[in-house]
Protein chains: 2
Amino acid sequence: MAGGRPRAFDADAALDRALEVFWRQGYEGTSLSDLTTALGINRPSLYAAFGNKDELFAKALNRYISGPGACASVALEAPTTREVVERMVDCAIELTAGTDTPSGCLTVNSVHACGPNSASARDAALAYRKAGEAALRRRFEQASDLPEGYEPGTLARLVHTITDGIAVQAASGRTRDELRQVADLALNALLP
Amino acid sequence: MAGGRPRAFDADAALDRALEVFWRQGYEGTSLSDLTTALGINRPSLYAAFGNKDELFAKALNRYISGPGACASVALEAPTTREVVERMVDCAIELTAGTDTPSGCLTVNSVHACGPNSASARDAALAYRKAGEAALRRRFEQASDLPEGYEPGTLARLVHTITDGIAVQAASGRTRDELRQVADLALNALLP
DNA sequence: CCAGTTGTGTACCGATCGGTATGAAACTAG
DNA sequence: CTAGTTTCATACCGATCGGTACACAACTGG
């Protein structure tokens with residue numbers, strides 16, 4: 001049992017770069033050549049380290065959720081309903097309209113990859129989205145300060161709808177400050 | 001001056017089918033082979049009638065805006081601010097979660113086509129989106145019943161954000177009835 | 001009939017797609 | 001050193017991509 005030739009690149013850093021490419025160009029808009037040039041490695045190394053394109057996307061999506069997108073699950077820990085929603089929306093704005101990262105949301109983008117060869121990427125994104133919304137609903141179900149007439153499931157869906165909308169707006173070029181105004185208006189109307 | 005061989009297909013009906021394919025699969029997810037089989041014509045006929053893939057997409061997008069998406073501009077004619085928003089949101093739900101048409105919104109989908117060869121499709125979608133939002137803002141600017149503290153531009157952006165979110169939710173599989181509940185909650189909070 | 005024009009069908013173009021075979025290079029264990 | 005193992009680099013695979021050349025069919029005006 002010997003350990004062969006050491007790999008000449010940092011797999012973690014490479015995955016980060018893959019995430020950035022998928023985030024900017026989407027699953028369908030990213031080719032293997034785009035990936036190999038961005039990662040600075042050649043094709044066989046990519047396949048040996050990450051599997052095929054679908055698996056690499058799945059790993060990048062994983063990193064997206066647990067890295068820059070982690071604020072969404074952290075937001076659930078806020079004490080009040082209002083603060084949960086507030087942090088959730090703030091997270092969406094920073095994530096999708098931040099200046100250091102591509103515009104838009106990777107999961108929202110991937111939902112719209114509906115070509116015949118994109119089913120696996122789309123399904124992976126849908127699974128994360130579904131789980132995220134279920135967690136938000138559970139958080140509201142356990143809340144004691146939910147305003148009268150607000151159903152947990154419906155509120156969760158509305159918040160998710162708004163953060164999705166923010167992602168689309170960010171992908172359309174809307175700036176962070178513009179989205180903050182929109183978010184303030186929505187928040188003050190929804191949970192005054 | 002003679003009129004050559006008559007074309008063997010209905011160009012209008014073909015364009016409708018092209019729209020449906022782009023709507024369901026997105027610009028990047030739709031190949032020329034998908035189009036020719038869906039339209040029932042062969043490649044040279046498609047190119048002679050509609051130009052290249054980009055031009056066909058532009059024409060399909062045009063038809064989308066002036067056909068099923070026309071409810072968005074009709075909504076602006078409603079008498080009150082509340083009704084404008086109400087119809088706008090209803091339009092988004094019917095358009096993106098209707099049972100006779102593909103799920104999701106073509107312009108929202110196309111914004112997420114950000115591969116290197118999709119710039120023209122993306123730009124066309126962005127132009128329509130920008131124009132639609134400007135029209136909504138102008139409608140609110142001329143409104144006399146705008147609630148106090150509501151800025152026309154911000155409200156227009158929020159409504160657009162919500163309709164975008166609805167489109168994403170519809171593309172994710174959410175049903176029309178679920179979206180109606182979400183829309184009701186949002187509307188009652190925003191314009192009680 | 002003929003000439004001119006326009007659409008149709010087939011068969012093809014170079015480029016790129018995702019994915020891989022192959023052999024040399026770089027390491028570890030003995 | 002050698003044997004075994006893993007990675008790297010090149011070069012390639014069939015399939016599909018968007019787009020087109022070309023010959024023939026179907027029409028109109030004379």
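Since the structure is predicted, the reported quantities are computational estimates derived from the model, not experimental observations. Convention: sequence-line order gives letters A, B, ...; per-chain numbering from 1. Quick note: numbers below take in every heavy atom, side chains included, and nothing from hydrogens, waters or symmetry partners.
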On DNA chain D, more 5' by nearest nucleotide between A:G40 and B:D34 is A:G40

Could you say whether A:F9 or B:S31 is positioned toward the 5' end of DNA chain D, judged by the nucleotide with the nearest heavy atom to each?
-> A:F9

Earlier contact from the 5' end, DNA chain C, for B:S45 and A:Y47 | B:S45

Rounded to the Å, how far apart are [X] [atom1] and [N] [atom2]?
X	N	atom1	atom2	result
A:F22	C:dG18	CZ	P	9 Å
B:D54	D:dG19	CG	C1'	12 Å
A:R5	D:dT7	CZ	P	10 Å
B:L56	D:dG18	CG	P	11 Å
A:Y27	C:dC17	OH	P	13 Å
A:L32	D:dA15	CG	P	18 Å
B:L35	D:dT16	CG	P	16 Å
A:I41	D:dT10	CD1	P	14 Å

Side-chain N,O (A:N42) to OP1/OP2 (D:dA9) below 4.0 Å |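 Indeed, a polar side-chain atom of A:N42 lies that close.
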
Output yes when at least one side-chain N/O atom of B:S33 is less than 4.0 Å from OP1 or OP2 of D:dC17, else no.
->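 For D:dC17, OP1/OP2 do have a side-chain N/O of B:S33 under 4.0 Å.
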
Which nucleotide sits closest to the side chain of [X]: [options]?
X	options	answer
B:N52	C:dG7, D:dC8, D:dG19	D:dG19
A:R43	D:dA26, C:dT20, D:dC17	C:dT20
A:P44	D:dA25, C:dT20, C:dG19	C:dT20
A:K53	D:dG18, D:dA25, C:dG18	C:dG18
A:P6	D:dC17, D:dA26, C:dC27	C:dC27

Over 12 foreign heavy atoms within 6.0 Å of CD, B:E151 | no

Quick one: label B:A49 by what it contacts on the DNA or RNA (base, sugar-phosphate, nothing), any heavy atom closer than 4.0 Å.
->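 Nothing, no nucleic acid heavy atom in range.
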
So what does A:T36 hit on the nucleic acid, given a heavy-atom distance under 4.0 Å: a base, only sugar-phosphate, or nothing?
->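 No contact.
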
CG on A:N62 to CD on A:E55, rounded to 0.5 Å |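 So the CD of A:E55 and the CG of A:N62 are separated by 12.5 Å.
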
About how many Å separate CZ of A:R17 and CG of A:L15, when rounded to the nearest 0.5 Å?
-> 11.0 Å

Mind telling me whether B:F50 and B:F9 have parallel, tilted or perpendicular rings, with 30° and 60° as the class edges?
-> tilted

Considering all heavy atoms, the nearest A:L146-A:F140 contact =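 Smallest heavy-atom distance, with atoms named: CD2-O, 4.0 Å.
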
